[in-house]
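Here is the structure we will look at, set down as structure tokens.
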Amino acid sequence: MKRSTRSASRRGLRALSLVLALLCAGLTACGTKTADPADDPAGPGKNTPAAQEASPEDAGTTDADAGGAENAADAEPAAAAAPTDDPNGGGAGQAAEGTENGPYTETDPARRLRFREDGEFHILVFSDTHVTGTGASELAKTNIRLLVERENPDLVLFDGDNIWGVKTEEAFRKCAESLYGVLEEKGIPWAHVYGNHDAEGNNLKKEKQQEICESFAHCLSEAGDPSLPGVGNYVLPIYDAKGENPVFNIWMLDSGQYITDAEKAAYLPVRGIFEGFRDSVYDYIRPSQIRWYTETSEQLERAYGHKIPGIMAFHIPLQESYLAWVNRDGTGTRWTGEKREAVCASEINSGLYAALVERGDVRAVVNGHDHVNDYMVDFGGIMLCYCSTVSETGYCDMDMLGARVFVLKESDPWDVETYISYVDERRMIPPAPPADAGPLPSGVIENFDGAAPALDWCGWDNNVSPEAHVEDMIVTIAEGRGYSGTSALGVSRKNFDASTTGNNAEVRVALAEPGKIGSSKYLRVWMDFTGDTTKIEVRKACFGVVVNGQKYSPYRTDDNDAPSPFWYCAEGSDKWVEMSHGGDGCFGAAQDSSVKGKKGWFAFPLDQMWKRSSLEPLDENCVVTDLYFYYCLNSDTMVNNRIYLDEIAFVEDYTVFEEPVS
């Protein structure tokens with residue numbers, strides 16, 4: 001993963017960007033031309049609003065219940081097929097104008113955010129920490145402290161779904177202390193917005209949560225105008241190093257929880273138009289909130305004589321975040337990061353993005369909500385950014401744990417730099433450029449008889465947490481256990497865990513001579529499942545390859561998530577038997593394709609290996625640098641009982657054998 005050093009374009013917005021934005025973002029549900037197969041609610045990511053993120057104490061709360069509780073005051077009794085607001089029309093944010101602070105509410109100069117003496121200001125953004133009634137997890141606390149100490153921020157933001165499943169003030173305060181404690185300890189200012197889970201159902205209401213948060217010494221959060229939907233619509237100015245003039249704004253909005261039953265009914269005839277997440281019931285920024293932002297921004301421009309650049313933070317992403325991703329390869333578009341699940345925006349597009357483009361003072365929008373998306377796309381002059389999570393609570397990909405950083409410069413506040421600071425710093429090493437390599441050698445390219453290849457292993461999807469038991473993985477070169485009594489790679493575990501997390505393993509074998517796929521059609525491997533003491537049965541397993549050393553994004557059959565063929569030929573036989581990967585793109589007991597006790601040759605089609613997250617297929621120009629193998633124990637009989645791999649080859653015809661490459 002390449003650490004982004006790209007900054008926002010400067011203050012001029014091209015006319016083309018405005019036209020594009022106004023075409024893409026209207027006051028109706030937005031449709032796009034490209035559907036992502038991974039974005040179906042039945043696919044990976046959030047299957048339903050409550051499925052993977054259901055509150056531990058309120059698992060029975062339905063979206064309709066939660067939506068009604070949150071938005072009853074925000075929607076008209078009979079919603080029309082257009083964005084709605086609170087029955088009173090919401091407030092327009094009638095902040096004072098012409099005073100010493102303009103429309104800003106903070107009057108204490110001692111609490112003003114200021115640029116450093118070196119002219120920079122650093123913001124660290126966490127999201128979806130999902131602290132429960134027992135407090136922040138040890139992993140979350142460790143990761144927050146690690147990133148705070150690494151990045152040394154001047155301000156920390158929490159982008160929603162911060163604390164969930166908490167019903168009492170006492171329990172909430174305990175959770176808040178565990179989450180925000182390191183910032184209070186270090187004297188770092190912090191602020192937050194709410195997500196769809198913070199106060200859903202019968203959890204402690206936002207108003208009470210807000211009171212408790214504001215009681216912390218270094219909390220800068222504000223409840224905001226009570227006439228606006230939600231709690232926490234406010235703007236924080238960052239002043240120059242002298243603390244005299246505002247240089248940058250941080251706009252904070254409450255993106256709500258779920259649309260109301262009336263809105264669902266009104267949109268029923270056209271539901272599913274937004275392809276980022278079909279039939280979404282998530283909430284949206286309301287018209288009165290947009291008016292508040294627009295009018296406050298205009299007031300600030302009049303008060304200080306110029307537009308003040310800023311960023312905007314709220315939890316639920318915009319539809320344009322999906323549109324930006326599917327169009328990210330357009331001419332001149334800058335982007336970084338990965339999309340590993342659906343963009344779970346609202347079905348309703350209230351036009352906030354168009355308002356931001358029209359005003360031209362917001363340089364970036366940062367959202368959470370979708371825990372395993374961490375991308376940024378500069379779309380129409382506004383960087384649409386995701387922030388991944390630092391916590392395993394809810395759901396996550398361990399290799400993506402991290403927080404988003406914004407770096408501002410007083411000398412040019414319109415020039416905003418952003419990147420993800422990953423817990424695992426290896427993710428921040430720029431990937432190798434496409435290698436200038438020839439085609440892979442024909443025949444066997446690794447038989448483990450010569451110099452031992454570089455080996456790398458971890459838990460499923462790069463999991464290195466304690467739950468993955470990486471220290472219990474067995475990855476060795478075993479003499480006499482390969483084809484015809486030669487050496488082989490032996491893999492297993494010293495443990496069998498109650499959770500599959502502790503039974504998974506990934507192994508990567510570096511090739512001595514990387515090469516392009518070229519005319520190769522199959523990966524052929526000799527494997528022995530007879531075991532050291534008893535026949536071995538894996539729960540799941542799959543093969544893949546690493547391209548250009550990008551170990552965190554292998555191409556593998558697992559990402560196909562569909563049955564596909566592979567072939568087996570028993571040692572001593574010349575008959576190849578067709579088998580099939582299961583619905584998860586793997587083979588094994590849980591995939592109705594048992595390999596228990598088998599010993600011989602296996603062949604896997606390269607055209608069924610897809611890049612993790614982006615689902616790009618392999619092509620002839622992909623430079624393979626490593627072999628990838630995933631396996632999961634099926635029972636405790638596999639403990640210390642190794643699977644053996646040998647005779648790795650990339651071939652056009654898996655039935656034709658050539659002499660090994662010397």
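Being a predicted model, the structure only gives us computed values, none of them experimental. Positions are given from 1, in the same order as the sequence printed here. What you see below is based on every heavy atom in this structure, not just the backbone, and it leaves out hydrogens, waters and symmetry mates.
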Going by atom types only, do [X] and [Y] share a side-chain donor-acceptor pair under 3.5 Å?
X	Y	answer
H130	S391	no
D370	Y386	yes
S635	T637	yes
Y395	E341	yes
Y630	N504	yes
S346	Q319	no
E151	S421	yes
E571	W526	yes

Problem set entry | Listed partners of Y568 passing ring-ring contact (aromatic ring centres under 6.0 Å, His included), at least two apart |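 With neighbours one apart ignored, the set is F602.
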If you round to the nearest 0.5 Å, how far is [atom2] of [Y] from [atom1] of [X]?
X	Y	atom1	atom2	value
I648	L440	CD1	CG	11.5 Å
H371	C344	NE2	SG	9.5 Å
I517	C622	CD1	SG	6.5 Å
T557	M609	OG1	CE	6.0 Å
I382	L318	CD1	CG	9.0 Å
I144	L139	CD1	CG	9.5 Å

Exercise. Aromatic rings F604 and F543: how do their planes relate, parallel, tilted or perpendicular, breaks at 30° and 60°?
Worked result: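 Plane angle between 30° and 60°, so tilted.
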For this session: Look at the rings of F566 and F587 and say which category their plane angle falls in: under 30° parallel, 30 to 60° tilted, over 60° perpendicular.
Result: tilted
Exercise. Taking NZ, NE, NH1 and NH2 as the nitrogens, is one of them in R612 or D399 under 4.0 Å from a carboxylate oxygen of the other?
Worked result: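 So R612 pairs with D399 through a salt bridge.
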For this session: Applying side chain to side chain contact (heavy atoms under 4.5 Å, CB included), run through S442 and F650 and close with a yes or a no.
Result: CA-CA 7 Å; S442 179; F650 291 88; over 6 Å; no
So which heavy atom on [X] is nearest to which on [Y], and how close?
X	Y	result
M376	C385	CG-SG, 3.5 Å
Y522	P605	CD2-CA, 3.8 Å
L618	L606	CD1-O, 3.6 Å
A510	D626	CA-OD2, 3.3 Å
A403	C387	CA-SG, 4.1 Å
V405	T418	O-OG1, 2.9 Å

Backbone N or O of [Y] within a donor-acceptor pair of the [X] side chain at under 3.5 Å?
X	Y	answer
N641	G531	no
T500	N503	no
S280	A345	yes
N495	G502	yes
D374	S388	no
N447	E647	no

Exercise. CG of D653: more than 12 outside heavy atoms within 6.0 angstrom?
Worked result: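 Enclosed.
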For this session: Count the heavy atoms belonging to other residues, nucleotides or ligands that lie under 6.0 Å from OH of Y483, then report whether that count exceeds 12.
Result: no
For this session: Show your working on side-chain hydrogen bond (donor to acceptor under 3.5 Å, both in side chains) between D646 and T486 and close with a plain yes or no.
Result: CA-CA 9 Å; D646 197 9; T486 58; 3.1 Å; yes
Exercise. Residues in salt bridge (charged side-chain N to carboxylate O under 4.0 Å, His left out) with R145, at least two apart?
Worked result: E149, E185
Exercise. Taking only residues two or more places apart in sequence or in another chain, which ones pass salt bridge (charged side-chain N to carboxylate O under 4.0 Å, His left out) with D584?
Worked result: K540
For this session: Hey, could you give me each pair passing salt bridge (charged side-chain N to carboxylate O under 4.0 Å, His left out) that has a residue in residues 494-509? Not counting sequence neighbours.
Result: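 Residue pairs passing salt bridge (charged side-chain N to carboxylate O under 4.0 Å, His left out), neighbours aside: D456-R508, E506-R508, E506-R556.
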Near-ring test [Y]/[X], centroid separation under 6.0 angstrom:
X	Y	result
F379	Y353	yes
W335	W325	yes
W610	Y555	no

For this session: Evaluate side chain to side chain contact (heavy atoms under 4.5 Å, CB included) for S321 paired with N367, printing each intermediate quantity in order.
Result: CA-CA 9 Å; S321 290; N367 310 114; 4.1 Å; yes
Exercise. For S564 and H581, what are the C-alpha separation, side-chain angles and deciding distance, and is it a side-chain hydrogen bond (donor to acceptor under 3.5 Å, both in side chains)?
Worked result: CA-CA 5 Å; S564 63; H581 294 99; 3.0 Å; yes
Problem set entry | Aromatic Y631 / basic R539 pairing, under 6.0 angstrom, 45° off normal | no
Exercise. Taking it one step at a time, do H315 and D161 satisfy side-chain hydrogen bond (donor to acceptor under 3.5 Å, both in side chains)?
Worked result: CA-CA 8 Å; H315 185 69; D161 283 3; 3.2 Å; yes
Problem set entry | Worked check of side chain to side chain contact (heavy atoms under 4.5 Å, CB included) between E338 and Y375 | CA-CA 5 Å; E338 294 184 72; Y375 65 81; 5.9 Å; no
Which pairs of donor and acceptor atoms, one on a side chain in residues 470-482, lie under 3.5 Å apart (sequence neighbours left out)?
unit_1, atom_1, unit_2, atom_2, d
T476, OG1, R642, NH1, 3.4
R481, NH1, D532, OD1, 2.9
R481, NH2, D528, OD2, 3.3

For this session: Can you tell me which residue pairs pass the side chain to side chain donor-acceptor pair (under 3.5 Å) test with a partner in residues 589-598, sequence neighbours excluded?
Result: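 Non-adjacent pairs meeting side chain to side chain donor-acceptor pair (under 3.5 Å): E537-S594.
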For this session: Under the side chain to side chain contact (heavy atoms under 4.5 Å, CB included) rule, what do L384 and V366 come out as? Steps first, then yes or no, please.
Result: CA-CA 6 Å; L384 301 181; V366 60; over 6 Å; no
